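All remarks here apply to the structure that follows.
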There are 2 protein chains.
Amino acid sequence: MTETNVSFRALSESCKTCSLAELCLPRGLQNEEMQRLDDVIKTRCVVHSGDMLFKEGNRNRSIYAVRSGSVKTFTVMESGDEQILGFHLPGEIIGLAGLDEAIHNCSSKALETSSICELPLDELETICLQIPSLQKQLLKLISREISQDHKMLLLLAKKNSDQRVATFLLSLSGRFKLRGLSSQSFILSMSRQDIANYLGLAVETVSRILTKLSDDKVIDVTRRAIQIVNHDRLLEIADS
Amino acid sequence: MTETNVSFRALSESCKTCSLAELCLPRGLQNEEMQRLDDVIKTRCVVHSGDMLFKEGNRNRSIYAVRSGSVKTFTVMESGDEQILGFHLPGEIIGLAGLDEAIHNCSSKALETSSICELPLDELETICLQIPSLQKQLLKLISREISQDHKMLLLLAKKNSDQRVATFLLSLSGRFKLRGLSSQSFILSMSRQDIANYLGLAVETVSRILTKLSDDKVIDVTRRAIQIVNHDRLLEIADS
DNA sequence: CGGCTGCTTGAAATGAGTCAACATAGGTGG
DNA sequence: CCACCTATGTTGACTCATTTCAAGCAGCCG
C-alpha cells in the first residue's frame, strides 16, 4: 500500500524536533531546494503490526523515515533467534547500516500500524552534491546513530539489569518528549520479550524489574502503559 | 609531534585493502582529485603508548586514520571507569561518532607507538561536493562502522564469555589478514584488562578462557602473543 | 635486585537465567 | 454475547555462569 507525492516539507513539519526534520530544516533550505528533496521521496507505505519493512539481505540502497507508529530493527543469528538493534519512533531514520554492501544487513518489522517513507540513497546522494548543507546533515544523522549505538554498547557491557531497564524507560521518555508527547506517561509498543531481547536480558528479568519499580513507586505499570512517577529516582537507578 | 605534507596517495598505498584506501581508490580518482585529497591531510602525528589522541568533549570536527600501530576508543562513565568502544588497526578510521555535536563524544588513546593522520571534516565535506564518488565512499565507511557496532551489540547481548573471546580473536585475525599480516599468529597490543572491558567481562574471566583455549589446543598463548592452532574449532566456539 | 604492573589461579558469592506453573487480556468462533 | 484459546506477562524455586575477593606468580623497568 503506497501513495506518491509525499512532501518533504509536510514530513518535516509533522515532527519538527527530530532527525527527519533536521535533514532539511536547520540550514533554511531554499524553496527550490526543498522541491528537490520532495522529489526524492518515492513512496510512503503503511504497514501493520508484524509486517516486514525490509529484510536482511535485500538489495536496496534506501533509508527509511518513520512517519508515525514504531518499528524495530533486528538481525537474525545463525542459531535462528533474533537480536533487536533498536526501536524507532516517528521522525527517526532507519536503514543506515549496510550501505557499504548495498544490501540491508538488518531487518525491520512494524510494532504497530505505522507510516514509513522510503528515501532512495542514490538520489539523496545526488541532491547532497547540489545542497551542501544537506550533505552535512546526512553525515550528522549517521554520526548520531553511531553515538547512540555506543551508548548501547556501554549499557550492555557495564550496566546491570536494573540499570538497563531504567535507562531504557528514560530513553523512551526523552524521545517522546522530543516529539511533543508526554514524557511522563506513554504506551510501550513492544512486548516484554522485545524489551528483554534488546536489553540482553530474560523476559522474566524485565518483568520482575518492572514489578519492582512499580512496587517502589518509581513507575506505574499497567500492562504496556507506563507512567513515570519518580523521574529523579529513575535517573539515579539508571546511572547508579 | 607532527609533520605536514603527508600524501593521501602514499597513505592509501600503504594499506591497500582497508577503509582508508577505500576512501579514494575504488572509483579511480583523477590525479587532480587526488591532489585535493592530499591537501586535506593537515597533520600526521606520532603518538606513544598511553598518549591521548583526542578527548571526549574536545571541540574538533575531524576524523582520524590510523596509519600504523593501534589505538583504542572509549567513553568514561559518570562512575569514572571507562568503556572501550573499539580497537583500531592501521587503515581504520576513527572519530566518526559525535560529528553531530562537533564535539568528540569518545576519547582515543594509543596502545603502542602509532602514526595517526587527522582529516578535518569541513574540508573533507567540501571536497566531497566536488568528487561525488568520495561522498559515496565516506557514507559507506560510516555505514560500515554502524554494521560493526551492531555485531558488537549482538555479541554483548547474546554471547557467553567463551563465544565473546573466540569472536574477538577471530575478528583480530581477520583484520590482520586483510592487512597482509599473519592471521595465524599475532601480538595483542591491548592488555587483558582492555579486552575484558571491551567484551563486557571480568579480567579473570578472559584470562581463564584464554588458558582453557590454550589447554584445549585451540590457540597458543604466550603472554600477548597469540597463535591460532585450530581455526575451525575457534569458529565453532564463536558461533556455537 | 627489588618493586611494580599485568596476569593467572582458586574458592566463595551472587546476579541473572532457566524451568515450571499460573494469571490475564484479547481475539475467535460457536 | 459468551466461552474458549492462545498470546503475553507474572511469579516462585532452583541452577549456573560469571564476578568478586584473595593470593600468588612472572616478566620488566628503573
Side-chain angles (χ1 to χ4, degrees), chain A residues 48-50 72 79 81-84 109-113 155-169 187-216 219-226 237-238 240, chain B residues 48-50 72 79 81-84 87 109 111-113 155-169 187-216 219-226 237-238 240:
Chain A
H48 297 282
S49 180
K72 64 175 175 181
S79 53
D81 57 6
E82 69 184 42
Q83 172 60 40
I84 294 178
K109 197 179 259 190
L111 293 168
E112 60 190 313
T113 300
L155 178 144
L156 291 172
K158 290 270 180 306
K159 297 194 174 185
N160 66 25
S161 53
D162 293 319
Q163 297 173 308
R164 292 186 200 192
V165 174
T167 305
F168 175 70
L169 292 175
I187 306 289
L188 301 173
S189 59
M190 67 294 288
S191 66
R192 301 283 194 272
Q193 180 59 65
D194 279 348
I195 298 174
N197 180 303
Y198 179 58
L199 297 178
L201 299 171
V203 206
E204 295 91 332
T205 305
V206 171
S207 180
R208 272 186 260 269
I209 290 170
L210 287 176
T211 304
K212 187 171 60 182
L213 287 174
S214 187
D215 289 348
D216 293 351
I219 62 173
D220 194 89
V221 186
T222 309
R223 250 185 104 61
R224 291 194 181 182
I226 301 286
I237 295 172
S240 62
Chain B
H48 298 281
S49 182
K72 64 175 175 181
S79 54
D81 58 3
E82 69 183 40
Q83 172 59 40
I84 295 178
F87 299 111
K109 196 178 260 191
L111 293 168
E112 59 191 312
T113 299
L155 178 142
L156 290 173
K158 289 270 182 304
K159 297 195 175 184
N160 65 27
S161 54
D162 293 319
Q163 296 173 310
R164 290 185 200 191
V165 174
T167 304
F168 174 70
L169 292 175
I187 306 289
L188 300 173
S189 60
M190 68 292 288
S191 66
R192 300 283 193 272
Q193 181 58 63
D194 278 348
I195 298 174
N197 181 304
Y198 179 57
L199 297 178
L201 300 171
V203 206
E204 294 91 331
T205 306
V206 171
S207 179
R208 273 186 257 269
I209 290 171
L210 287 176
T211 305
K212 186 170 60 177
L213 287 174
S214 187
D215 289 349
D216 294 351
I219 61 174
D220 194 89
V221 187
T222 308
R223 251 182 103 63
R224 292 196 180 181
I226 300 286
I237 295 172
S240 62

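Letters A, B, ... mirror the listed sequences (proteins, then strands); counts begin at 1. Atoms considered below: every heavy atom in the structure, side chains included; atoms not considered: hydrogens, waters and symmetry mates. All values reported here derive from a predicted model rather than from experimental measurement.
When the side-chain contact (heavy atoms from CB on, under 4.5 Å) test is applied to B:Ala202, the partners found at least two apart in sequence or on another chain are B:Glu204, B:Thr205. Checked against side-chain hydrogen bond (donor to acceptor under 3.5 Å, both in side chains), A:Ser49 has no partners two or more places apart in sequence or in another chain. Remark: B:Lys109 pairs with no residue by the side-chain hydrogen bond (donor to acceptor under 3.5 Å, both in side chains) rule, at least two apart or across chains. Qualifying salt bridge (Lys or Arg N to Asp or Glu O under 4.0 Å) partners for A:Asp162, counting only residues two or more places apart in sequence or in other chains: A:Lys212. Not a single side-chain hydrogen bond (donor to acceptor under 3.5 Å, both in side chains) links A:Ser214 to another residue, sequence neighbours left out. Evaluation of the salt bridge (Lys or Arg N to Asp or Glu O under 4.0 Å) rule for B:Glu82 yields B:Lys72 as partners, not counting sequence neighbours. Residues satisfying the side-chain contact (heavy atoms from CB on, under 4.5 Å) test with B:Asp81, not counting sequence neighbours, are A:Lys158, B:Met77, B:Ser79. Judged as a side-chain contact (heavy atoms from CB on, under 4.5 Å), and not counting sequence neighbours, B:Arg223 has no contacts. Scored by the side-chain hydrogen bond (donor to acceptor under 3.5 Å, both in side chains) test, A:Gln193 finds no partners at all (sequence neighbours excluded).
Under a 3.5 Å cut-off, the side chain of A:Arg164 and the backbone N or O of A:Lys159 do form a donor-acceptor pair.
Taking 4.0 Å as the cutoff to heavy atoms of chain A, we find the contact window on DNA chain D bounded by D:dT8 to D:dA13.
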inquiry  = How would you summarise protein contacts on nucleotides 4-21 of chain C per nucleotide, using B for base, S for sugar-phosphate only and - for none, with heavy-atom distances below 4.0 Å?
reply    = --SSBBBB----SSBB--

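With its glycosidic angle more than 90° from 0, C:dA13 adopts the anti conformation.
Figure legend. D:dC5 is base-paired to C:dG26; pairs are counted as Watson-Crick or G-U wobble with both atom distances under 3.5 Å.
Each end of the helix from C:dC1-D:dG30 to C:dA23-D:dT8 yields a helix axis from five base pairs, and these two axes differ in direction by 40° (to the nearest 10 degrees).
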